[in-house]
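What follows is a short report on a single structure.
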Amino acid sequence: AEGMAATSIPVPGSAFEDLNRAGALKVAEAGAAHARRAGFDAVARATIAPTTWQGIVDVADEIAASVIVVGSPDAALLECGAHIRRRAGQ
């Protein structure tokens with residue numbers, strides 16, 4: 001038996017990219033806030049690119065970054081943030 005499924009969300013213009021960028025920036029801002037509390041000079045950024053790695057490289061080049069932290073909003077990241085705060089004496 002063959003089957004096929006398709007879904008689409010009718011989103012006009014660049015609204016889909018705008019929603020993705022806004023969601024990514026929200027996560028990035030939370031991560032940057034954790035890093036700032038740990039004493040780092042952190043800036044949240046979000047971009048849209050054809051591939052994830054290209055977006056990371058583009059932003060790194062744009063800001064001449066010496067370090068970029070990439071993560072996800074899961075428990076492991078929260079544990080990492082707690083570890084950073086402990087090492088920073090907070």
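Residue numbers count from 1 along this sequence.
- Sequence neighbours left out, the pairs with a member in residues 38-54 that pass salt bridge (Lys or Arg N to Asp or Glu O under 4.0 Å) are Arg45-Glu62.
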Hey, can you pull the donor-acceptor pairs under 3.5 Å for the side chains in residues 48-55, sequence neighbours left out?
| from | atom 1 | to | atom 2 | distance (Å) |
| --- | --- | --- | --- | --- |
| Thr51 | OG1 | Trp53 | NE1 | 3.2 |
| Thr51 | OG1 | Gln54 | N | 3.3 |
| Gln54 | NE2 | Asp58 | OD1 | 2.7 |

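- The nearest pair of heavy atoms linking Ala42 to Arg36 is O-NH1, 2.8 Å.
- The two atoms that bring Ala32 and Val43 nearest to each other are CB-C, 4.2 Å, heavy atoms only.
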